[in-house]
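To start, the structure itself, in structure tokens.
Naming: A, B, ... by sequence-line order, numbering from 1 per chain.
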Amino acid sequence: MRYFIGNKMIGSEHYKLATVQECLEYFKDIEEPELDTETTGLCCHVDNLLCIQIGTPDRQYVIDTGVIDVQVFKPLLEDPTKTFLLQNAKFDIKFFMKHGIHISNVYDTMLVECLLTAGDENRSVSLATQCKNYLGVDLDKTIRANIQIEGLTDRVIVYSAEDVRYLTPIKAIQMEKVKELQLEEVVKLENDVVKVFADMEFHGVLVDQKVWLDVADTTEKGVESLTKELDKIVETDPKLIRYVPDVVQGNLFGFEERKLNINWGSNNQKLNILRDAGVKLDSVGDPVLQKLKSAHPLVPVLINLSKQAKLVSSFGRDFLKHVNKKTGRIHPNYWQILHTGRISVKEPNVNQIPSKGELATIIRSAFIPRKGYKIVGGDYSGMELRIIAEFSKDPLWVKAFAEGGDLHSILCAATFGIPIEDVKKPFPEKPTVKYRDVQKTINFGLAYGMSKFKLADTMQIPVDKADEIIKKFFSVVPKVEGFLNGLGNLGKQRGFIRTGRPFRRIRFFPQWKESMSQSPRAGKLAGEIERRSKNSPIQGTNGDVIKVALVMTHKAIKEEGWPVKILLSVYDELQTECKETHCEAWKDRLDELMIEAAEVVIKNTPIVVDCAISDYWQK
DNA sequence: CAATCGTGCGCG
DNA sequence: AAAGCGCGCACGATTG
């Protein structure tokens with residue numbers, strides 16, 4: 001039965017009228033109410049609630065928030081004994097936060113669907129798909145686009161009610177699968193951490209636009225001068241004469257204009273010009289150009305240009321479009337569950353803000369705290385390498401962390417049989433790199449399932465030599481080899497792989513069946529599964545850790561009353577904004593919390609967190 | 001004209 | 001049988 005609470009005088013054949021009192025009374029004893037909202041748009045800061053829907057499979061209440069003050073539902077929504085069922089809870093939570101309402105506990109059907117389908121590239125986690133697959137019900141989503149235009153008409157009321165009534169049966173079916181797959185712990189983790197992401201997104205982070213625009217000026221000028229440099233080289237190379245126009249158009253305004261109409265941003269044009277200049281290549285990507293630095297004077301300039309052009313296009317003045325008109329802050333959007341369990345971010349993707357290169361420090365310094373606050377950040381040191389230590393139990397690898405030495409240097413000395421003082425000496429096969437750099441490539445690369453071919457290519461050494469190095473390396477850390485091969489085989493045999501305890505998140509390999517068949521693609525697919533099986537538990541366990549850290553930090557801030565907001569979650573790193581007066585104490589507490597969080601998963605390997613207080617985001 | 005694909009590159 | 005994992009974003013080229 002559907003009920004409407006608003007200012008309509010009569011009900012309809014589709015719904016009855018009800019009062020707030022009746023609604024609150026009904027939900028007094030309901031432990032898991034279904035919840036949803038309709039809004040005037042997607043942004044919680046500029047758009048508003050149109051209605052909220054609270055329901056059970058038997059009864060759905062659609063409440064017109066234009067007429068009814070949402071505050072009357074605050075006690076219900078904040079009732080800690082209840083768990084609210086939502087699809088994509090983060091969205092609704094943020095709209096309630098705007099009204100100072102903080103929903104107690106949530107179960108998010110979308111997040112659980114992500115966990116149950118991790119690895120499937122063609123999946124859909126929409127409510128419509130879940131209704132279809134689990135219940136055989138077709139939801140009419142065509143009305144949604146019209147809600148803002150037509151308001152709470154009868155058919156919109158029906159649509160809105162339908163959007164909540166299936167959440168209970170969906171949860172029931174999902175939880176059977178969750179139990180079967182032993183995903184209870186990770187379901188709880190994701191449903192807890194979604195509230196933290198909502199909080200982070202709502203709060204956002206401040207960007208100093210002056211600093212940002214200064215950097216943009218610098219990078220734009222850089223692109224301009226590199227372009228001129230490239231043009232000049234083309235003009236002076238007889239082989240490239242056909243790119244120089246015979247007649248140069250006059251310029252009425254007397255500005256200096258480019259004579260050539262080459263677009264140096266076009267990979268096609270770059271490729272053709274370099275080929276005409278006598279350079280043999282089939283791509284203009286950085287790894288290829290690096291090897292051809294001395295093949296033609298254009299090449300080194302092109303390398304610099306693509307770096308500089310990237311800074312302009314991705315981190316130039318256009319980036320400021322992400323500053324919210326209402327709040328003056330950026331509000332990155334987190335996607336909580338990738339196939340491995342990692343998080344991604346968009347609009348803007350704060351994960352990919354430059355951290356290397358000369359301008360990186362300045363770019364990051366544009367991310368600043370509110371007035372009267374400082375940025376306090378914590379960064380897990382070598383988390384993926386510690387996860388390898390924890391799960392492989394390799395004596396040398398473990399010993400390196402136990403003694404607090406530099407893992408890359410210790411392993412390097414062992415692999416190449418050299419004294420540890422010599423690890424920064426040139427690598428004889430390729431003197432431009434150091435022994436330790438080779439080791440770093442191996443340490444990270446092997447966790448991705450890298451082959452001798454790739455190592456040879458990356459290091460520019462013969463395949464035989466690469467093979468020899470890998471063999472020697474695995475002979476000094478045999479349990480790491482066993483660990484990685486074990487994962488690879490497990491994934492290939494079972495068609496799925498898990499992260500470590502206690503979460504044991506699953507990633508499925510939908511291509512598994514074909515990989516076991518006579519298909520011509522079988523070998524390729526098996527290789528894919530093998531490499532992903534090696535990497536997913538490492539990357540995913542890292543994701544598990546950072547999510548525990550977010551939950552614990554958020555909880556401590558609330559329960560211990562810290563004047564702190566979590567700003568960003570970037571891979572191994574948490575950035576917070578803390579009142580100046582509390583920075584020192586908070587820094588110590590954050591350090592403790594992050595270590596405690598990691599120890600939920602990593603029990604036998606020491607955890608190191610680098611914490612810092614600063615006036616901006618620093619690495 | 002917009003939608004989609006391919007390439008390249010920022011981060012870990 | 002191919003040969004390093006996981007992303008989001010911008011741009012140019014292609015397609016509808």
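A salt bridge does not link A:Lys452 to A:Asp464: none of the charged nitrogens lies less than 4.0 Å from a carboxylate oxygen. Under 4.0 Å is where a charged nitrogen must lie from a carboxylate oxygen, and between A:Glu514 and A:Arg521 at least one such pair does. With respect to A:Arg505 and A:Glu190, a salt bridge is recorded, a charged nitrogen being found less than 4.0 Å from a carboxylate O. Taking the charged nitrogens against the carboxylate oxygens, A:Lys471 and A:Glu468 have no contact shorter than 4.0 Å, which rules out a salt bridge. Looking at A:Glu530 and A:Lys534, a side-chain N of the basic residue comes within less than 4.0 Å of a carboxylate O on the acidic one, giving a salt bridge.
A:Asp318 comes within contact range of no nucleotide atom at all, as no heavy-atom separation falls under 4.0 Å. A:Val570 comes within 4.0 angstrom of no nucleic acid atom, judged by non-hydrogen atoms across all strands. Using a 4.0 Å heavy-atom cutoff across all strands shown, A:Gly449 reaches sugar-phosphate atoms only and no base atom. Residue-level contact check: A:Lys356 touches the backbone only, with heavy atoms under 4.0 Å from sugar-phosphate atoms and none from bases. Residue contacts for A:Lys321: at a heavy-atom cut-off of 4.0 Å it reaches the sugar-phosphate backbone alone, with no base atom in range. Across all strands, A:Asp286 comes closer than 4.0 Å only to sugar-phosphate atoms, never to a base (heavy-atom distances). Within the 4.0 angstrom heavy-atom criterion, only backbone atoms of the sugar-phosphate kind lie near A:Glu347; the bases stay farther away. Among the protein residues, A:Asp457 comes within range of no part of the nucleic acid, since none of its heavy atoms lies under 4.0 Å from any strand. Nucleic acid contact class of A:Lys307 (heavy atoms, under 4.0 Å, all strands): sugar-phosphate only. Using a 4.0 Å heavy-atom criterion, one finds that A:Val350 contacts no nucleic acid atom at all.
DNA chain C lies under 4.0 Å from at least one heavy atom of each of the following residues of residues 335-343 of chain A: A:Leu338, A:His339, A:Thr340, A:Arg342.
Annotation: side chain of A:Val398 is not in contact with side chain of A:Thr605 (no heavy-atom distance under 4.5 Å).
In this structure, CH2 of A:Trp264 is placed 20 Å from C1' of C:dA10, rounded to the nearest angstrom. Rounded to whole Å, atom P of C:dG8 lies 13 Å from atom NZ of A:Lys310. The interatomic distance linking A:Gln269 (CD) with C:dT14 (P) rounds to 11 Å, in whole Å. Between A:Glu384 atom CD and B:dC11 atom C1' the separation is 12 Å, expressed in whole Å. For A:Ile470 and C:dG4, the CD1 to C1' distance is 11 Å, given to the nearest whole Å. Per the geometry, CG belonging to A:Asn263 stands 15 Å off P belonging to B:dG8, to the nearest Å. For the pair A:Leu446 CG and C:dA3 C1', the interatomic distance rounds to 13 Å; values are reported in whole Å. Between the CG atom of A:Leu455 and the P atom of C:dG4 there is a distance of 10 Å, rounded to whole Å.
For A:Ser536 and C:dG6, the shortest distance from a side-chain N or O to OP1 or OP2 is not below 4.0 Å. Residue A:Ser314 has no polar side-chain atom (N or O) positioned under 4.0 Å from OP1 or OP2 of C:dC9. Neither OP1 nor OP2 of B:dC11 sits under 4.0 Å from any side-chain N or O of A:Asn349. Within the 4.0 Å cut-off from OP1 or OP2 of C:dA2, not a single side-chain nitrogen or oxygen of A:Arg531 is found. Contact annotation: A:Ser451 reaches the phosphate of C:dG4 (side-chain N/O to OP1 or OP2, under 4.0 Å).
The base of C:dG6 is paired with the side chain of A:Tyr571 by a donor and an acceptor separated by under 3.5 Å.
C:dG4 is unpaired under the Watson-Crick or G-U wobble criterion, no partner having all donor-acceptor distances under 3.5 Å.
The side chain of A:Tyr448 sits closest to C:dG4 out of C:dG12, B:dG10, C:dG4. With B:dC9, C:dA10, B:dG10 as the choices, the nucleotide that has an atom nearest any side-chain atom of A:Pro287 turns out to be B:dC9. Ranking B:dC9, C:dG8, B:dG8 by closeness to the A:Lys346 side chain, first place goes to C:dG8. Nearest to the side-chain atoms of A:Asn267 among the listed nucleotides B:dC9, C:dG8, B:dT7 stands B:dT7.
In the model, A:Gln539 has a side-chain atom that pairs as donor or acceptor with a side-chain atom of A:Asn535 under 3.5 Å. A:Asn304 and A:Gln308 form no side-chain donor-acceptor contact under 3.5 Å, judged by distance and modelled atom types alone. Side-chain atoms of A:Tyr243 and A:Asp276 include a donor-acceptor pair closer than 3.5 Å.
Take the nearest nucleotide of DNA chain C for A:Arg532 and for A:Ala526: the residue whose nucleotide is more 5' is A:Ala526.
Spacing of P atoms, B:dC9 relative to C:dA2, comes out at 25 Å, to the nearest Å.
Within a 6.0 Å sphere centred on CZ of A:Arg501, heavy atoms belonging to other residues, nucleotides or ligands number 12 at most.
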